[in-house]
Amino acid sequence: MKIVPDPVFSMPHSSPQLTAAPMEGLTTVVFRRLHAEMFGAADRYYLPFVTPTVEPRFTARQLRELAPRANEGLAVIPQLLTRRSADFLWAARALADMGYPEVNLNLGCPAGTVVVKGKGSGFLGDAIALREFFDDVFGQDLPIAVSVKTRLGLRSPDEFAGIVELYNLYPIARLIVHPRIRSDFYKGDARRSVLLSALPSIKAPLGVNGDIVTEGDIAAAGNAFAAAPGGLAEIMIGRALMADPALLRKARGGPAASRGEIRSFHHALFDAYTTLFESRKNAMMRLKEYWFYQSCLFGADDELEKLHRAMKAVNRTREPAEFNARIEDLIESFTLLQHARFGWRKPL
Ligand SMILES: Cc1cc2nc3c(=O)[nH]c(=O)nc-3n(C[C@H](O)[C@H](O)[C@H](O)COP(=O)(O)O)c2cc1C
């Protein structure tokens, strides 16, 4: 097993790491390997959340993502979604045994089925339970660092100051903030001003996330949050990396994606998912989820109506061969943009 050591544990860093956000169904082992190989690896890939249960072992399905061999050569941080410290602890120890240097706690997921159980962003609404959880977790001498990915609060951004006070009581390895509240889901704009106001009080090394779409946005976030007292450890990108797989490469001074690269990436994802699912139809369904974002790298302003129609046809397609033909056509016939359009933005 070989997971590249994360420099953050051995030396202070001046420029923030550029990391791939966890995205269920998208930043899978298939995506991570192909993305790293074809566009250059993110400084870290966070794994989509895993829910540990009372049964103290990972399922075969969870191990598909977690097995060290699946992540060889990449800096990968697994993420756990739970409000039970006992479940977190066995899973964290198991991940340490597998060689992972850090585990991330999900305090951001806004899904109704998660929040109703007091998990994800739902946990933010119960400060007493959250404190007990952290007392249990940090009271153990865990052989693995613990980082947190959080929203600003459950119901109101005003909750954030109190939540930060709570976080400051513990040696959290990194605090990654997606500055929305639960009820925002993914709508409206990230509430970056709330995070900026709280900045002086955040002790942990900071990660910023949310609505960072272009390399200009990455640079702007780097400047805006540079004064974080614990350092700006990372800028985390989710949906924009699905739209533009070359985004991190560009931010490091490299070239934009070519049509050929997007085509090769599409086919490589399609083939790898076909193998994984043993079904071209299921692979096609998965690829439709990528193309919801990926299509935002195509289409000049005057082509948007036509692109919209093309994507409708793509989504209606039931046959993998026809799907691939439509995608090939889209890649060839629309303008390839330098920067992804923020086409997935939804109003509040
Ligand atoms: C389809 C989808 C799946 C996601 N899955 C996870 C997840 O497993 N764990 C998590 O912490 N966040 C998850 N997120 C949230 C993202 O990691 C990220 O915080 C959010 O998309 C905002 O960042 P962005 O604007 O760069 O996309 C998910 C978001 C989407 C859209």
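- No donor-acceptor pair under 3.5 Å is formed between the side chain of Asp97 and the backbone N or O of Ala94.
- Residue Leu336 comes nearest to Ser258 through the heavy atom pair CD2-C, 3.8 Å, listed as atom of the first residue, atom of the second, then distance.
- Residue Phe49 is not grouped with residue Leu124 when hydrophobic side chains (ILVMFWY) are merged at heavy-atom distances under 4.5 angstrom, including chains of intermediate members.
- Checked for salt-bridge contact, Arg57 and Glu55 meet the test: a charged N lies under 4.0 Å from a carboxylate O.
- Using a 4.5 Å cut-off on side-chain heavy atoms (C-beta onward), Leu152 and Asp158 make no contact.
- The pair Asp43-Arg252 meets the salt-bridge criterion, since a charged nitrogen lies less than 4.0 angstrom from a carboxylate oxygen.
- With hydrophobic clusters built from ILVMFWY side chains whose heavy atoms lie under 4.5 angstrom apart, Ile327 shares a cluster with Leu304.
- Residues Ile262 and Leu26 share a hydrophobic cluster, clusters being chains of Ile/Leu/Val/Met/Phe/Trp/Tyr side chains in contact below 4.5 Å.
- Nearest heavy-atom pair across Gly238 and Asn209 is N-ND2, 4.4 Å.
- A tilted orientation is assigned to the rings of Phe58 and Trp90, their planes being inclined by 30° to 60°.
- Each of His339, Arg249, Arg239, Lys250 was evaluated against Asp244; a single residue qualifies, Lys250, per the side-chain hydrogen bond (donor to acceptor under 3.5 Å, both in side chains) test.
- Taking the side chain as every heavy atom from C-beta outward, Thr19 and Glu234 approach each other to under 4.5 Å.
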How far apart are the C-alpha atoms of Leu175 and Ser147, what are their side-chain angles, what is the distance that settles it, and do they pass the side-chain contact (heavy atoms from CB on, under 4.5 Å) test? CA-CA 6 Å; Leu175 182 66; Ser147 60; over 6 Å; no

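- Residue-environment remark: CD (Glu322) exceeds the threshold of 12 foreign heavy atoms within 6.0 Å.
- Rounded to the nearest 0.5 Å, atoms CD1 (Ile202) and CZ (Phe225) are 8.5 Å apart.
- Comment: Arg32 engages Glu65 in a salt bridge, judged by a side-chain N to carboxylate O separation of less than 4.0 angstrom.
- A 4.5 Å side-chain heavy-atom check between Arg286 and Tyr290 finds at least one atom pair inside the cut-off.
- Figure legend: Arg83 and Phe123 shown as a cation-pi pair, the cationic atom lying under 6.0 angstrom from the six-membered ring centre and within 45 degrees of its axis.
- Remark: Asp211 does not engage Arg345 in a salt bridge, criterion side-chain N to carboxylate O under 4.0 Å.
- Side chains of Gln79 and Lys149 form a contact here, defined as non-hydrogen atoms less than 4.5 Å apart.
- The two residues Leu105 and Thr82 have their closest heavy-atom pair at CD1-O, 4.0 Å.
- Looking only at atom types and distance, the side chain of Ser279 has no donor-acceptor partner in the side chain of Tyr273 under 3.5 Å away.
- Defined by atom type and a distance below 3.5 Å, a donor-acceptor pair is missing between the side-chain atoms of Tyr45 and Asn71.
- Cluster annotation: Tyr167 is connected to Phe88 through the hydrophobic network of ILVMFWY side chains, with a link wherever side-chain heavy atoms come within less than 4.5 Å.
- Put simply, CZ on Arg182 and CG on Leu154 are 7.0 Å apart, with the number rounded to the nearest 0.5 Å.
- In this structure, Arg326 and Met311 have side chains that are not in contact, with every pair of non-hydrogen atoms separated by 4.5 Å or more.
- Between atom CG of residue Leu247 and atom CG of residue Leu18 there is a gap of 8.0 Å, rounded to the nearest 0.5 Å.
- For Lys203, the NZ atom is loosely surrounded, since the number of other residues' heavy atoms within 6.0 Å does not exceed 12.
- Between the NE2 atom in His267 and the CG atom in Leu287 there is a gap of 9.5 Å [rounded to 0.5 Å].
- Taking a cutoff of 4.0 Å between a charged side-chain nitrogen and a carboxylate oxygen, Arg191 and Asp184 qualify as a salt bridge.
- For the pair Lys306 and Phe334, the cation-pi test (distance below 6.0 Å, angle within 45°) is passed.
- Leu34 and Trp291 fall within a single hydrophobic cluster, where Ile, Leu, Val, Met, Phe, Trp and Tyr are joined by side-chain heavy atoms under 4.5 Å apart, directly or via other members.
- For the atom pair CG of Leu130 and OH of Tyr170, the computed distance is 8.0 Å after rounding to the nearest 0.5 Å.
- In this structure, Asn315 and Lys288 approach most closely via the heavy-atom pair O-NZ, 3.0 Å.
- For Trp344 and Phe342, the ring centers are positioned less than 6.0 Å apart.
- Both the sub-6.0 Å distance and the 45° axial angle are not jointly satisfied by Arg180 relative to the ring of Phe160.
- More than 12 heavy atoms of other residues, nucleotides or ligands shown are found within 6.0 angstrom of CG on Leu348.
- Between the side chains of His308 and Glu303, no donor-acceptor pair of N or O atoms lies under 3.5 Å.
- Using bins of under 30°, 30° to 60° and over 60° for the plane-to-plane angle, the ring pair His35/Phe31 lands in the parallel bin.
- The neighbour count for Arg155 CZ, taken as heavy atoms of other residues, nucleotides or ligands under 6.0 Å away, does not exceed 12.
- Between His266 and Phe323, the ring-plane angle classifies as tilted under the 30° and 60° cut-offs.
- The two residues Ser85 and Val137 make their nearest non-hydrogen contact at CB-CG2, 4.3 Å.
- Residues Leu95 and Leu66 form a side-chain contact, since some pair of their non-hydrogen atoms from C-beta on lies under 4.5 Å apart.
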Arg263 and Ile331: CA distance, side-chain angles, deciding distance, side-chain contact (heavy atoms from CB on, under 4.5 Å) verdict: CA-CA 7 Å; Arg263 188 187 308 113; Ile331 292 171; 4.1 Å; yes

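- Atom CE of Met285 has 12 or fewer neighbouring heavy atoms from other residues, nucleotides or ligands inside a 6.0 Å radius.
- The nearest pair of heavy atoms linking Pro205 to Ala233 is CB-CB, 3.9 Å.
- Note that the NE2 atom of His178 and the SG atom of Cys109 stand 11.5 Å from one another [nearest 0.5 Å].
- Annotation for Glu305: atom CD does not count as buried by contact number, only 12 or fewer foreign heavy atoms lying within 6.0 Å.
- There is a side-chain donor-acceptor pair under 3.5 Å between Gln17 and Arg174.
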